[in-house]
There are 2 protein chains.
Amino acid sequence: MLNQSADLDRMFHALADPARRAMVERLSRGPAPVSDLARPLPMSLPAAMQHLGVLEAAGLVRSEKVGRVRTCTLDTSSLSRAERWINERRIEWEHRLDRLGEYLKSLESEGDRDD
Amino acid sequence: MLNQSADLDRMFHALADPARRAMVERLSRGPAPVSDLARPLPMSLPAAMQHLGVLEAAGLVRSEKVGRVRTCTLDTSSLSRAERWINERRIEWEHRLDRLGEYLKSLESEGDRDD
DNA sequence: CGATTGGTTAAGCATACCCTTAAGTATCAC
DNA sequence: GTGATACTTAAGGGTATGCTTAACCAATCG
């Protein structure tokens, strides 16, 4: 759990590029070799490889080479961590709104009694 | 809904920085003026302002100036969109694993009959 | 009023990011 | 072995990012 902030840095950064998100989308439908991931992208193969490197460094993708083909798979556990971070902030915000609502309601009741 | 990819670019990019996430965390507990957001950060005020600009451009934060103080609030709707994108990919992946499990199970049953 | 507080703009700079082309390695097909 | 396939590495370049300091409003305070 050491320095999970840097982990989140890498994960969100990895997701902040359309080419890398396209790769993640493709991989969410199942494992794929590098060339399959690169083919739809409007860039050279080395460029696609670099994106893949970013995804792997972020822990979003794992890959294994067999023969001359490297097969990539999605690692959803790290995806979950990014999701959880966002969710926790959103929930915190909603709780706060709830508490605010309760408070306003209590003021209203006070007003009923006072008035 | 035009060009929502660029929206996701901006959102994930905005979240990919610890200073900006710290601001979001602070704002999830309620609105705050610029100086409150900047104070805990290890950087100059103009630097913090630039981060705030990134968060606003991403639609994650709204702000309004009254007198000489600008009050910032979290906009969770855009936060939800980032969350949803991640969730959809993760769910797709899990469905695929489920289907794969079903398939393997059916093979097993075939095996039982064949054996 | 003049000083302070809270924010903003401008300019500059080091580094990181994303892409390219060129060249190299390792497998597989014949 | 020769050629094609599937990556991989290396080098370089344009642009974006993240920070700095200095200077500049505009509300408030005394």
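As the structure is a prediction and not an experimental result, all values here were calculated from the model. So that the names make sense, note that chain A is the first sequence line, chain B the second, and so on, each numbered from 1.
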Does the B/Arg20 side chain pair with the main chain of B/Ala14, one donor and one acceptor, at a distance under 3.5 Å? yes
Please check if the side chain of B/Arg90 supplies one atom and the backbone of A/Ser28 the other of a donor-acceptor pair under 3.5 Å. no
Donor-acceptor side-chain pairing of B/Ser5 and A/Arg21 below 3.5 angstrom: yes
With nearest nucleotide decided by heavy atoms, which residue, A/Gly67 or A/Pro42, maps closer to the 5′ end of DNA chain C? A/Pro42
By nearest heavy atom, map A/Val66 and A/His13 onto DNA chain C; which one lands nearer the 5' end? A/His13
Aromatic rings B/Trp85 and B/Phe12: how do their planes relate, parallel, tilted or perpendicular, breaks at 30° and 60°? perpendicular
Euclidean distance, [Y] [atom2] relative to [X] [atom1], rounded to 0.5 Å:
{"X": "A/Asn87", "Y": "B/Thr76", "atom1": "CG", "atom2": "OG1", "result": "11.5 Å"}
{"X": "A/Leu55", "Y": "A/Leu37", "atom1": "CG", "atom2": "CG", "result": "9.0 Å"}
{"X": "A/Glu83", "Y": "B/Glu83", "atom1": "CD", "atom2": "CD", "result": "6.0 Å"}
{"X": "A/Leu15", "Y": "B/Arg89", "atom1": "CG", "atom2": "CZ", "result": "10.5 Å"}

Among [options], which nucleotide sits nearest the side chain of [X]?
{"X": "B/Arg70", "options": "C/dG7, D/dC19, C/dT8", "value": "C/dT8"}
{"X": "B/Ser35", "options": "D/dA6, C/dG6, D/dC7", "value": "C/dG6"}
{"X": "B/Ser44", "options": "C/dG7, D/dT20, D/dC7", "value": "D/dT20"}

Using every non-hydrogen atom in the two residues, find where B/Arg96 and A/Gly30 come nearest and quote the distance to one decimal. NE-CA, 3.3 Å
For DNA chain D, which residues in residues 45-55 of chain B have a heavy atom at a distance below 4.0 Å? B/Pro46, B/Ala47, B/Gln50, B/His51
Ignoring hydrogens and angles, answer whether the base of D/dA6 and the side-chain atoms of A/Arg68 contain a donor-acceptor pair closer than 3.5 Å. no
With heavy atoms under 4.0 Å as the rule, sort A/Arg20 into base, sugar-phosphate or nothing. sugar-phosphate
Can you measure [X] atom [atom1] to [N] atom [atom2] for me and round it to whole angstrom units?
{"X": "A/Asp17", "N": "D/dT15", "atom1": "CG", "atom2": "P", "value": "18 Å"}
{"X": "B/Leu37", "N": "C/dG6", "atom1": "CG", "atom2": "C1'", "value": "13 Å"}
{"X": "B/Phe12", "N": "D/dT17", "atom1": "CZ", "atom2": "C1'", "value": "19 Å"}

To the nearest 10°, let me know how far the axis at one end of the helix from C/dC1-D/dG30 to C/dC30-D/dG1 is tilted from the axis at the other, five pairs an end. 20°
Measuring to OP1 and OP2 of D/dT8, would you say a side-chain N or O of A/Lys65 lies under 4.0 angstrom away? yes
